[in-house]
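Below: the structure, in structure tokens.
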Amino acid sequence: MSHFLERSEEAKARAELAKKLRKAEAEERRKAIRERGKIKGLQIRPTASYFDEAEQKEPGEGNWSRFGFDLNPQVTGASTLILILFIVLTLMFHEQASDLFARALGGITSTSGWFLILAANVFIVAAAFFAFSRFGHIRIGGPKAKPEFSTISWYAMLLSAGMGIGLMFWSVGEPMFHFTSPSPMFSGIIGETPEAAQAAMAVTYFHWGLHPWAIYAIVGLGLAFFAFNRGLPLTIRSIFYPILGNRIYGFWGNVIDVLSVLATLVGLATSLGLGVQQVAAGLHVLFGIPPGTTTQVILIAAITAVATISVMAGLDSGVKRLSEANMVLAGVLMLFLLIAGPTIFILGGFTQNFGYYLTKLPEMSLWTETFRDTNWQGSWTVFYWAWWISWSPFVGMFIARISKGRTVREFILGVMLIPTFLSFLWMSVFGGSALFLQGRGLADIAAAVDSDVATALFVMLEHFPLTGVLSFVAVILVTVFFITSSDSGSLVIDHLTSGGKLDSPVTQRVFWAIMEGLLAAVLLIGGGLQTLQTASVTTGLPFALILLITVYALYIGLTQELFVEESVEKKLAAVREEHRIGEVVASVAQENGDTDDTTAG
């Protein structure tokens, strides 16, 4: 009987403590929100509020809803007007457009390339700071949030975010470019030598490694934090709430989202343009179809039509399964080349290249070509950084949506390390195989790269067993990546242009899917690869400014979150201690009472 009473008393004490803790947490959280530091720095209006009591709005308030559309009129109108103006002018003056884009690329990269290089390093430092500082234990979605996916599934989805058209297009072409014409940074290294091969892989790793994924990590973390921890719409403008307050729903928020839409569209169009060039090259190898601009435009129309049909039919689950199957097929292709190709050379190169990459990383990260009368960076590093920045809202939104329940440290390390490892492995298998064949004189892949970089992969596959099957698989891979990128990209742009709504009409997604394909076609008509590079650099440059301010806004948001959580933890610790002391006092009093009763007896 006494044992039962003791257990009953313990249960009662635990329930009383839990009640005290819940009450104390609620009171302290409200108190901490009122008392946390005011926002200082880049805000336009000093009274900008970041308190939970600030006015909240539903996503899509003030949208224009007619004729199957539900959109933010300012963001959609400005974005569409700029795109249509660009498309009409390019088609009207397409002969002059190529020269204009070439001069624009040279001018922008030679005068502003240093800024993009510096910005990319800021994102690396910021990501490391957020991961390893006191912010690292903050949980996306709040302290009690649970991950929606298992760690293994989350890693798998991060890997899918890292796979795409770009790796297919450049996996052979880029290492071969750098092998025959080493970066001017590696002075003294002669092309087509073992030293050139090592430098080529190091530069390729650099362009596909930690820097791009740091950009994605910052954007994804900002979107996830302000959506899941603050309940704001899943749009880029929401990241600026600590700076602009409720004015994110006004003019400045519209400007931010317009830049986000344009950057995302150009990033997508660049990837789709590269992809269709490679599909055309594959069809030429398999069926002898001429791979010219006309063929590429027809392919864009056909593949965009398939993506549009999938959107209209509501085949989101089917597209998801198709994407997963494509990832498996890409893994099988890579594994086949690893086994059928120079396996020891590839694995040894992967290890050595990784070490050389780490050794040269600081120099490559900060090299700006200042003391040379060249602009090598304009076509490579600067283009890549601008492309990744343009692509960041697309990848960042995908990563944000799957990462609720992860800590900041877990999020950043997962986003930066897992896809980077995949990229290095992929480049080692494809680029390493190409370098082996070229270096041993078994193939002249360099000539194919000089002629048309889109053909490089297929020329390499000619020296593997089952050439026709492998080439067909490569075409299928790029085509499916095109479809899934277009489908997912139209969804992301739809979020941005509808004020963050997740259930906007199908008509709207169809519109943006068509616009993506049309923009990619126009860029190809305007000059091919060079035009794609120009478009990425032109939109990536202003959007880099947005992302730099994002770092500051994210710092403010995490600081305020930490202030509240630490205040709550201190209060709860005090309540627990007070409760424990109360129990001790009660126990001592009870013992004294029992002793007095015994004495009296």
Side-chain angles (χ1 to χ4, degrees), residues 98-99 101-102 105-106 109 165-187 189-208 270 273-286 288-293 295-296 369 372 374-384 387 427 430-464 467 471 474-475 478 523-524 526-534 536:
S98 179
D99 180 59
F101 291 144
L105 180 63
T109 55
I165 292 172
L167 281 178
M168 292 292 296
F169 188 88
W170 291 110
S171 57
V172 174
E174 181 172 359
M176 197 55 56
F177 259 122
H178 302 323
F179 175 62
T180 56
S181 302
S183 164
M185 194 196 84
F186 299 96
S187 57
I189 292 183
I190 301 173
E192 301 189 42
T193 61
E195 293 78 14
Q198 182 174 251
M201 291 306 299
V203 173
T204 304
Y205 277 16
F206 173 57
H207 289 153
W208 293 87
T270 300
L274 295 176
V276 81
Q277 285 183 328
Q278 197 163 37
V279 171
L283 294 178
H284 176 68
V285 170
L286 291 171
I289 299 174
T293 302
T295 300
Q296 293 169 13
E369 226 170 341
R372 291 178 176 274
T374 56
N375 191 21
W376 181 91
Q377 294 275 63
S379 299
W380 290 106
T381 306
V382 172
F383 157 65
Y384 271 125
W387 186 18
M427 288 297 186
F430 285 77
S433 297
L435 290 173
F436 178 86
L437 293 170
Q438 185 75 28
R440 299 299 189 278
L442 302 174
D444 192 4
I445 302 173
V449 171
D450 289 338
S451 175
D452 182 1
V453 65
T455 66
L457 174 63
F458 301 102
V459 172
M460 185 195 75
L461 293 178
E462 290 175 358
H463 300 274
F464 280 82
T467 298
S471 297
V475 170
V478 178
L523 289 174
L524 288 175
L529 178 59
Q530 190 173 62
T531 305
L532 296 173
Q533 291 176 322
T534 305
S536 290

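Index from 1, following the sequence.
- Without hydrogens or angle criteria, Ser451 side chain to Ala447 main chain gives no donor-acceptor distance under 3.5 Å.
- Inter-residue side-chain proximity for Leu167 and Met427 is flagged as met; some heavy-atom pair is nearer than 4.5 Å.
- Legend: ring pair (Phe, Tyr, Trp, His ring centres under 6.0 Å) pairs involving residues 431-458, not counting sequence neighbours, sorted by first then second residue: Phe345-Phe436.
- For Tyr205, the ring-ring contact (aromatic ring centres under 6.0 Å, His included) partners are Phe424, not counting sequence neighbours.
- Using a 4.5 Å heavy-atom threshold, the side chains of Arg372 and Ser187 count as touching.
- Put simply, the side chain of Ile165 does not reach to within 4.5 Å of the side chain of Met168, judged on heavy atoms.
- Minimum interatomic distance between Pro182 and Ala196 (heavy atoms only, all atoms of both residues): CG-CB, 4.1 Å.
- You'll find the side chain of Phe169 stays beyond 4.5 Å of the side chain of Val478, heavy atoms only.
- Shown here for Phe179 and Ala200, the closest heavy-atom pair between the two residues is N-CB, 3.6 Å.
- Counting only heavy atoms from C-beta outward, the side chains of His207 and His178 approach each other to under 4.5 Å.
- Taking the side chain to side chain contact (heavy atoms under 4.5 Å, CB included) definition, one finds that Val172 meets it with Phe430, Ala434, Ile445, Ala456, Leu457, Met460, sequence neighbours left out.
- Residues Leu274 and Trp170 have side chains in contact (heavy-atom distance under 4.5 Å, counting atoms from C-beta outward).
- Counting all heavy atoms, side chain and backbone alike, Ala454 lies closest to Ala281 at O-CB, 3.6 Å.
- Partners of Thr180 by side chain to side chain contact (heavy atoms under 4.5 Å, CB included), not counting sequence neighbours, listed by chain and number: Glu192, Ala446.
- In this structure Thr374 satisfies the side chain to side chain donor-acceptor pair (under 3.5 Å) test together with Glu369, sequence neighbours excluded.
- In this structure, CZ on Phe177 lies 6.5 Å from CG on Asp450, to the nearest 0.5 angstrom.
- Contact annotation: the side chain of Leu524 approaches that of Val276 to within less than 4.5 Å [non-hydrogen atoms, C-beta and beyond].
- Looking at heavy atoms from C-beta onward, Ile189 lies out of side-chain contact with Gln198 at the 4.5 angstrom threshold.
- Below 30°, between 30° and 60°, or above 60°: for Trp380 and Tyr384 the angle between ring planes is between 30° and 60°, a tilted geometry.
- In terms of heavy-atom proximity, Thr295 sits nearest to Pro290 at OG1-O, 2.5 Å.
- In this structure, Leu461 CG and Ser471 OG are separated by 5.0 Å, a value rounded to the nearest 0.5 Å.
- Legend: residues meeting side chain to side chain donor-acceptor pair (under 3.5 Å) with Thr455, ordered by chain and number and at least two apart, are absent.
- Considering every non-hydrogen atom in both Gly431 and Pro175, the closest pair reads CA-CG, 3.9 Å.
- Looking at every heavy atom in both residues, Val203 comes nearest to Phe186 through CG2-CE1, 3.3 Å.
- Summarising the geometry, atom CD belonging to Gln438 is positioned 13.0 Å from atom OG belonging to Ser433; distances are rounded to the nearest 0.5 Å.
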